Each structure stands twice: as structure tokens, then as C-alpha cells.
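In this text, all values refer to a predicted model and were calculated from it rather than measured experimentally. Numbers restart at 1 for each chain; the letters A, B, ... are given by sequence-line order, proteins then strands.
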2 protein chains.
Amino acid sequence: MTRRPSVSLKTIAERAGVSTITASRALRGMPIVNEKTRRQITEIATSLGYVPNRIASSLRSQRSGLIALIVPTVAGSIFSETVEAISRRLVAAGYQTIIGESTYDIGQEQAVLESLVQRRPDAIIIAGTNHTPATRTILEALGIPVIEIWELTDTPVDSVVGFSNFHAAYDFTRALIEKGYRRFAMASGPVEQENRASLRADGHYKALAEAGIDPGAAIVIPHFLGILHSGQSLLAFVRDHPEIDCLFCTNELIAIGATVQCRRAGIDVPGDIAIVGFGDVEACSIIEPPLTTVHINGTEMGRNAAQLVLDRLGGRGAAGARIDVRYAFRWRGTA
Amino acid sequence: MTRRPSVSLKTIAERAGVSTITASRALRGMPIVNEKTRRQITEIATSLGYVPNRIASSLRSQRSGLIALIVPTVAGSIFSETVEAISRRLVAAGYQTIIGESTYDIGQEQAVLESLVQRRPDAIIIAGTNHTPATRTILEALGIPVIEIWELTDTPVDSVVGFSNFHAAYDFTRALIEKGYRRFAMASGPVEQENRASLRADGHYKALAEAGIDPGAAIVIPHFLGILHSGQSLLAFVRDHPEIDCLFCTNELIAIGATVQCRRAGIDVPGDIAIVGFGDVEACSIIEPPLTTVHINGTEMGRNAAQLVLDRLGGRGAAGARIDVRYAFRWRGTA
DNA sequence: TTGTAGGCGTTATCAA
DNA sequence: TTGATAACGCCTACAA
């Protein structure tokens, strides 16, 4: 670990006999620099192992090259497709994403935002459309592109890329009713703060109410419980409610856990009980039987969000964009 | 999007009738500041919506509060446990991780490193111990803590937290031989650059050679193919090699794909063929039958790596740490 | 307990 | 095509 006397533009400029600004221009590939000069400067920079200081650059240019991304969690694969898609595209354009986790809590979301904002990101991508008033104030005051994702709204802070969780659940439930299911129960993550789980629950219940069907029992599964542990709770729940013919889960991890544990306990899915999820991570397709669920295109959301950011930062496009990536039902083996 | 005339320490200091350095000290909670003064400054800062500029702070203090983390990919859940554990711990200590993806390529790893290093991270955590010479040079010249993870080595750049991929595969294969398997084949991701797949393959083959067992056929599955697609290739491979009694996979995703597709094709696992994986993502436990595999503790690696970083940055601990998180066999249903 | 002076490394701006 | 100057916002070092 050699503590190298760090080489800066000044060092290079001195050796090349030019001013620092010329060295800067040369290394940034600005065309106004004489080719011979540039070559010489580049060579010196290389031989000295020069590493540009993006911190200084950010401070002076007022552009950090950072994009803040806030999601509930990066664990568990639900959001990781989106995160991956966003990072890939932004990295290709020379940006670095900095990720914050709200842990499904808008208070924590605000704390995370306040922390990320100190690094002066050039844009923000944030999951969800329901935030604390303070969060909204901050987002609006920032004066940078803000893209909300994983939901739609008519009153975004700026732009939004997502789908209607409410309508997806509503439509899906209607389709299930049409299939003949009548005795529903719901399994969900914590329903609060107008989060995705609550919007999905609302859509589900609305469809049931319209059809005059009893909402049935409900069970709440804590976040981060793990698929098989969730499944154990759900198995107990299902056993306590033998009348259920369709267990509606507001996320796919819960549904996978329920399916696997019911099967292992000798309950026939979908024979004895149908189980459906919401969201379509890869694990949905590998269990037996594969899960019937609502497919959400996390990658497409990520790509669109990143593209919006790039457009805005490139001076193209305006605030107020609204992209609906829709959803699709995957009728597989569990219903 | 109000373009607020940004409020800096200077603004606050002026309103409070103190110098900027006093405002700085007050807001950083330095105890030497008079309590009354601090309260006043804090109030002004809050009312003005002051957001500290970490870029300026980083530049002046020479500490960015950034930890660079380089992994092959964050998709696919293999490394996400580790990433998650690292981020959680570092965030709690006030650091932000910036992630780079090497896409399983040491050339790309170098490119990513060169990019991240421009942001002057306070430490680096990097997966793997085999790097390009240039990468190693850069890491050594940086003069900051460097933690290599997901492998062990006697010649780390600095410190290392991992396990021996070679020995894990070697031991696992010996255990499989003891179980009675004799006709092996191997399925692996690209084997190159002394990566984890190649180290695991080496360990496997060494154990076979010592037992005088034929290495058998081998198939390479490209990265990022997807579990079920990989499984299709593997199903075809298995059908072409009916003599195999144990398919040794160098990662668990491949093994899951093989198991699922074989089962669906009516091949009995483990009756007709045993299938084993390496690594233990959650998906291993939800398939039928659940996968026999080598359990790797990604979370523990992450926690340890993060802790090493914090110790070093806190002035505790020294370079040269070596933490072996070991591995364990999980005998489940596929072998 | 508070303040002065200056610089971290880069780039915007204006001038030549 | 190149350069001089200054400034981005903060914090280190030293002084009072």
C-alpha cells in the first residue's frame, strides 16, 4: 500500500508545460485541443497513473454523475430486476447509481432520501407514489428529474413509470371469479401507507364486492420472513380455513411459500385450494406446480425509467411523462 | 420544481451571525460548540431546508464516505445476499456503497474499478482473488483497505474473507463418491480466468482422479441464461448421456434448472440421476425435490467484509486479515 | 469557544 | 488553440 503523492491535473500540466485547464480539456476529449498537445498530455497522464478526481469535478461542474435510486429492498429479487435494468443503462451512459432501501416504510424512505440527497444526485428514481409530505417537498425542491416507479398516479412529483396495482388486482380477481372461485382469502404483506400491498388488496376487495362475494379471511405476513417460513404460517392459516377455494396473495413470494408448504403437507394445489400470486420472479416458474400470478415487467420499468432520466439530463424530453408498462396474467399450475 | 437558490453553510452562518466554521461544527455535532449557539444554528438550518453538500465535504476532508463494491453481477440472487449484508452494515455506519458489476470478466472488472476509483472510495470490497495485473497494481497503489471476498488466498492484496472453492468442491465430491456415485458429469458456467467455476471444477476433478474415477462428460452453460433455459440444455445433455449417475453442477442455478426440467421430462431425480449444486440461494429449497448442494454463507461474508472495512477506517485492525467462513453440505432431495 | 486563512482538484468564464 | 482567474462548499490547521 504505497501512499502515492497523488497526481493531479496540476502535476500533469506542469510536466507537459501547459496550463491545468488545457490538461483538463485534453483528457476530457474536447476537440479544441491540439492533437499533438493532447497526445503528449495523455501519455503523461497514463505514465503517471493519473486518476481523475470526480469529487472535485462534481463540485465545480455541479454535476455529480450520480443517480439516486430508492426501493423498498434489493433483497429477494422482486425489485432486483428493476435495479439491474436501471444500473445497466445508466452505467453505459457514464452514470453511477447509488441505492437506498426504504424497507417498505415511508419514514425510512425519507431518511434515506435525505442521506442520498447530500451527494447531489443528478436525478432520482424512487419506488412508489405515496411519500411523506416532507419527502414530497424535498423531491419538488430539488430541481432535478424525479421518476416514480412501480405504480401510476395522476399527480406525480414529476414523471412516473409503472402500472396500476389497483387495477391489476381488480382485473385479476375478476378473472378468478370468472374461473369459478367464490370462497377467497387474502394473504398479504403489511397493508399500510397506501403501499403496493394495500392497493392490491383494495383492487381485490372491490372486485369481490362488486360480485357480491364475501371478502373472506385475511392474514398478514411480515416483511423479510423468508419464503418457507411464510409458507408455514400460510399452511396453518389454510388448515384453519378449510372452506377457502382460492388464496389470493398480494405478492408472489408469499404465494410460492404457501404453494410449496401446502404441497409438502399433502394438500393438493390447485385441487384442494387454488393459490395465486402477484409479481413474477423467476422462482414462480420452478416450483411444482408453477405459480399462477400477475406478471410485472420490472426490467421494462427499469429501462424506461433510466431512459427518461437520460433524456432529461440530455436536454431531451420534459417533466410530466407517464409510462404505463401494464401487466399480464400468467395462468400456470396453481389456479 | 422550484430552483431554490441553494443554501450553504455560509448562508446559515450569516443569519446566525457566526462564522461558517462554527456553523459547520455545530451541524456536525462537535461538542466544543456552545449549546445555545448550536440550537440557533440548527434551527436556522432546518428552517432554510439546508442540505449539507457531501461533495464539498468529501473534497476537503479527503473522505468520500463511499465504499466501492465489485461483484460479478447483482442479478440472480447469488451475490445479492452478500451485497445486502454489506450495504446494511455500512449504511448504519454512515457510508454509502457504490456497486460495480464485472459480469464475470476480469477485464470488465478492471474497467469498472477504474471508473469507481475516480470517486475516491474510502475502501474497496471486491469478489474474487484473481485480477488483471493492472487491477492489482491499482488496488495496491490506492492506499485504502481492500477486502477480497468469495475466495481465499495466501496472497491477498490486503485482506480476504471467503472460503476455498477448490476444497469445498473437492470435499463435496469425495462425499458423493462415498455415497456410491461413480459415473459423474459436470455442468458449469464458463470456466476461465481461474474464476470460481474453474476452482470448483478443479477440486471436483482432483477428487475424482484420486479415486480413479473417470471425469466424465462436461457441458458449459453461458452466464445469464436463466434457470429454465439452462435446464433445457441440461436435460438434452442428460439424455445424451444416460450412463451418468451424478450431475455435478458448479453453481446452484444450473442445478436447479436441471432438476426442474428433468423432473418435468419424467426423469426421476435422484432415482435415475442425482443432481447436486454449489451455493444455496433460497430457490434451492423450494423445488421438488429440494436441492442437495454446498451451502455458502453469503451474508456472513458480507457482514465480515463490512466489519473489516469499518474496523480499518476506524483505526482498529490491520491489513492482512484472513477470514474463512467455510461451507457446509446440505443433503436434501436430489442426491 | 470562536474565528481567519486557505486549499482540496477541478472546471466555468472570460480574455488573448 | 491556450491561458489566467476564480469559484464550487466545505473543513484542516492554526490562532485568538
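Atom CD of Gln40(B) is separated from atom C1' of dT1(C) by 15 Å (rounded to the nearest Å). With rounding to whole Å, Ile32(B) atom CD1 is found 8 Å from dT2(C) atom P. Here the C1' atom of nucleotide dT2(D) and the NZ atom of Lys36(A) are 15 Å apart, to the nearest Å.
Rotation axes derived from the C1' atoms of the five outermost pairs at either end of the helix from dT1(C)-dA16(D) to dA16(C)-dT1(D) lie 20° apart, to the nearest 10°.
There is no side-chain donor-acceptor pair under 3.5 Å between Arg38(A) and Thr42(A). Side-chain atoms of Ser87(B) and Thr97(B) include a donor-acceptor pair closer than 3.5 Å. Between Gln118(A) and Glu114(A), the side chains place no donor N or O within less than 3.5 Å of an acceptor N or O (distance only, hydrogens not considered).
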Evaluation steps, salt bridge (Lys or Arg N to Asp or Glu O under 4.0 Å), between Glu84(B) and Arg88(B): CA-CA 6 Å; Glu84(B) 175 79 4; Arg88(B) 275 223 200 297; 2.9 Å; yes
Derivation of the side chain to side chain contact (heavy atoms under 4.5 Å, CB included) call for Ile86(B) and Val309(B): CA-CA 10 Å; Ile86(B) 290 172; Val309(B) 164; over 6 Å; no
Sequence-aligned protein contact record of nucleotides 7-16 of chain C, with B where the base is within under 4.0 Å of a protein heavy atom and S where only the sugar-phosphate is: BBBBBB----
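Looking at Asp122(B), its side chain never comes within 3.5 Å of a backbone N or O of Ile67(B) through a donor-acceptor pair.
When the options Glu194(A), Glu109(A), Arg136(A), Gln110(A) are evaluated for a side chain to side chain donor-acceptor pair (under 3.5 Å) with His131(A), the one that passes is Glu109(A).
Around the CZ atom of Arg322(B), the shell of radius 6.0 Å holds more than 12 heavy atoms that belong to other residues, nucleotides or ligands.
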